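Just so it is clear, the model here is predicted, and its values are computed rather than measured.
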Amino acid sequence: MNLGRYLSKSRIVDLQASDYEGALVELFSVVPANVVPTKDRPALIKEVVEREKAIPTLSNGVCLPHVRVGGMKQKYLFVAGRCAGGLKFNGSDEYGKARLVFLMLSGGGVEGYLNTLSQLTRLYTSSDVSKKILESADFSSFKTAVLGVIGAGSRSWRGLSAEKVEKMNALMAKSATKILKIAKCSAVMILTDSVGSVAGLAPYLKDSKVILVAGKVPQQFPKNPNWSFITVRSFSKSRFSQLGSALMIGLARGLFTPKDKICCIGGVCDGDLIDALAVIDIEREFPNMFISQKEVLPEGVKPEVLERVIDIATELSVEGREGKPVGCIFVIGDTEKLKPHLKQLILNPFYGYKPEDRNVLNPFMDETVKEYSLIDGAFVLDGNGILSAAGALIHTPDFQLQLPGGLGSRHAAAYAISLIVDCVAIVVSSSTGQVTLFRRGQTMPLTEKRKA
């Protein structure tokens with residue numbers, strides 16, 4: 001859908017009000033009377049205010065109030081306002097950080113209302129976009145930035161209009177269902193960071209098992225028992241950059257088995273166009289890694305622990321630490337069986353703490369793990385996610401290494417420990433940023449190498 005046609009420069013205003021309700025009054029003042037009659041506006045403003053109290057729409061300095069207007073003939077109308085000094089609302093200090101109020105008006109019977117709201121939210125509240133808007137030097141550049149975002153959301157792609165992009169996405173979804181049957185695939189995997197609207201694909205995939213993969217849960221998640229979701233951060237804008245991690249997490253959760261084939265569709269991250277389709281035969285791709293479904297993870301290792309470690313490893317590969325590349329190893333398995341092959345290089349920073357305080361599933365552990373990643377040696381975790389050590393040296397019997405070229409000492413250590421003990425080792429390369437998983441001496445790249 002071309003959302004750009006619902007906003008014009010004349011409906012982007014520099015707000016004078018310092019409170020949220022006053023800002024709404026100013027925004028409604030530029031709405032044509034034949035779209036929303038003046039007499040109806042107080043009730044609509046009251047409805048928006050009450051909804052904001054119940055479900056705040058503020059994110060990254062952007063407010064996205066929205067309301068359906070009975071009798072409104074056109075599908076949508078957007079109004080935006082700059083609030084340079086923030087807003088006062090409901091006693092919350094957070095609204096003092098608001099710099100953009102983007103009001104969405106919709107006709108009462110319009111279908112896809114929440115779809116459109118979800119798309120606007122994704123466009124305007126992403127950190128890069130909101131930063132560009134909020135740091136605009138003056139009101140003129142603010143207008144240009146706001147219009148530029150919505151233009152980007154409905155941009156043409158190599159000469160294709162937004163409507164044609166939607167049609168192409170639908171065609172790819174239909175093709176996926178056909179290939180699913182012909183190739184005897186067990187599921188369709190959609191790399192959703194490359195798709196503008198997942199809900200728009202649902203009608204074509206209603207009878208299929210669908211696995212969505214994205215950096216965060218979509219606001220519009222189809223209510224279908226055949227649909228599952230895997231959270232995997234995109235490492236780059238390359239096609240299928242999330243595929244390796246998604247396959248491992250899906251196997252660990254039991255969403256599919258090593259004997260299955262998966263039909264994957266996606267495109268360039270944030271490109272909105274599905275332009276690639278691939279059939280992944282897991283057993284042929286990784287013939288020696290998984291003997292059976294029970295062998296995907298070591299005994300006693302919870303899937304959510306593996307998922308969390310992959311997430312942290314990917315963040316380290318993307319962001320590094322204090323702007324510098326970071327290399328590290330995570331070893332997950334039975335800590336008693338691992339102990340004979342480990343030696344502390346430093347005093348163990350996790351020794352003596354309560355299990356719940358050093359569990360990787362605890363969200364407050366993220367920064368601690370990232371900080372200790374600067375230390376040489378491995379992190380060691382048990383199957384429940386409890387960190388037993390950091391800065392541990394891995395020493396194992398000599399093996400004839402069967403590693404791809406270019407992998408260093410960390411990868412060799414991970415390879416060796418995965419052979420001698422029933423465990424999973426995950427390595428972040430300091431030189432390339434690539435995240436690699438080791439299981440029984442087999443390698444599985446979870447991300448591609450970082451481009452120089």
Are the side chains of C264 and L277 in touch, meaning some heavy atoms are under 4.5 Å apart? no
Give me each pair satisfying side-chain hydrogen bond (donor to acceptor under 3.5 Å, both in side chains) with a member in residues 135-146, each pair once, sequence neighbours excluded. D138-S141
Among L446, I329, V435, find the residue that satisfies the side chain to side chain contact (heavy atoms under 4.5 Å, CB included) test when tested with V428. V435
Side-chain contact, heavy-atom cut-off 4.5 Å: I190 with L205? yes
What one should report as the nearest heavy-atom pair of A246 and I230 is O-CD1, 3.6 Å
Has Q242 got a side-chain atom pairing as donor or acceptor with V232's backbone, closer than 3.5 angstrom? yes
Would you say that more than 12 heavy atoms from the other residues, nucleotides or ligands in this model lie under 6.0 Å from the OH of Y353, or not? no
Is the F78 ring parallel, tilted or perpendicular to the Y76 ring (thresholds 30°, 60°)? tilted
Quick check for you: to the nearest 0.5 Å, what is the distance between S18 atom OG and F89 atom CZ? 13.5 Å
Is there side-chain contact between L147 and L7, with heavy atoms separated by less than 4.5 Å? yes
Crowded around K370 NZ? As in, over 12 foreign heavy atoms under 6.0 Å? yes
Not counting sequence neighbours, which residues clear ring-ring contact (aromatic ring centres under 6.0 Å, His included) with Y372? List them please. F350
Heavy-atom check, side chain of L24 versus side chain of P65, under 4.5 Å: yes
Answer whether the closest heavy-atom distance between the side chains of M189 and F256 falls below 4.5 Å. yes
Would a 4.5 Å heavy-atom cut-off, applied to side chains only, mark V424 and F330 as touching? no
Could you note down all residue pairs passing side-chain hydrogen bond (donor to acceptor under 3.5 Å, both in side chains) where residues 33-43 supplies at least one of them, sequence neighbours left out? none
Nearest heavy-atom neighbours spanning L201 and A173: CD2-CB, 4.1 Å
Using 0.5 Å steps for rounding, measure from the CZ atom of R11 to the OH atom of Y6. 11.0 Å
With salt bridge (Lys or Arg N to Asp or Glu O under 4.0 Å) as the criterion, how do R51 and E47 come out once you've worked through the C-alpha distance, each side chain's angles and the decisive distance to 0.1 Å? CA-CA 6 Å; R51 180 184 287 118; E47 182 181 340; 3.4 Å; yes
Measuring from atom CG of D19 to atom OH of Y95, what distance do you get when rounded to the nearest 0.5 angstrom? 13.0 Å
Taking all non-hydrogen atoms of both residues, which atom of V210 and which atom of L212 are closest, and how far apart? CG1-CD2, 3.8 Å
Sequence neighbours excluded, the answer for salt bridge (Lys or Arg N to Asp or Glu O under 4.0 Å) partners of R68 is none
Under 4.5 Å between any side-chain heavy atoms of K302 and N384, yes or no? yes
If I take atom OG1 from residue T231 and atom CD1 from residue I310, how far apart are they, to the nearest 0.5 angstrom? 12.0 Å
Just do the side chain to side chain donor-acceptor pair (under 3.5 Å) check on S429 and T432 with the steps written out, would you? CA-CA 6 Å; S429 170; T432 68; 3.2 Å; yes
Electrostatic pair R82:D14 at N-O distance under 4.0 angstrom: yes
Name each donor-acceptor pair under 3.5 Å that joins a side chain in residues 97-106 to protein atoms two or more places apart or in another chain, with its distance.
{"unit_1": "K97", "atom_1": "NZ", "unit_2": "E94", "atom_2": "OE2", "d": "3.3"}
{"unit_1": "R99", "atom_1": "NE", "unit_2": "A84", "atom_2": "O", "d": "3.2"}
{"unit_1": "R99", "atom_1": "NH1", "unit_2": "G96", "atom_2": "O", "d": "2.8"}

If you measure from the Lys or Arg side-chain nitrogens to the Asp or Glu carboxylate oxygens, is any gap between R308 and E304 under 4.0 Å? no
Which atom pair, heavy atoms only, marks the closest approach of L87 to A23? CD2-CB, 4.2 Å
Rounded at 0.5 Å granularity, tell me how far CG in L251 sits from CD1 in I282. 4.5 Å
Output a table of donor-acceptor pairs, distance under 3.5 Å, between side-chain atoms of residues 176-187 and any protein atom two or more places apart or on a different chain; print 'none' if there are none.
{"unit_1": "T177", "atom_1": "OG1", "unit_2": "K174", "atom_2": "O", "d": "2.5"}
{"unit_1": "S186", "atom_1": "OG", "unit_2": "D260", "atom_2": "OD2", "d": "3.3"}
{"unit_1": "S186", "atom_1": "OG", "unit_2": "K261", "atom_2": "O", "d": "3.4"}

With side chains defined as the heavy atoms from C-beta onward, is the minimum distance between D366 and V360 less than 4.5 Å? no
Drop me the distance from L15's CG to L27's CG, to the nearest 0.5 angstrom. 5.0 Å
Atom of F438, atom of A414 and distance for their closest heavy-atom approach: CD1-CB, 3.6 Å
Restricting to non-hydrogen atoms, name the atom on Y20 and the atom on V48 that form the minimum distance, rounded to 0.1 Å. OH-CG1, 3.8 Å
Let me see the working for S317 and Q434 under side chain to side chain donor-acceptor pair (under 3.5 Å), right down to the final yes or no. CA-CA 7 Å; S317 73; Q434 187 175 43; over 6 Å; no
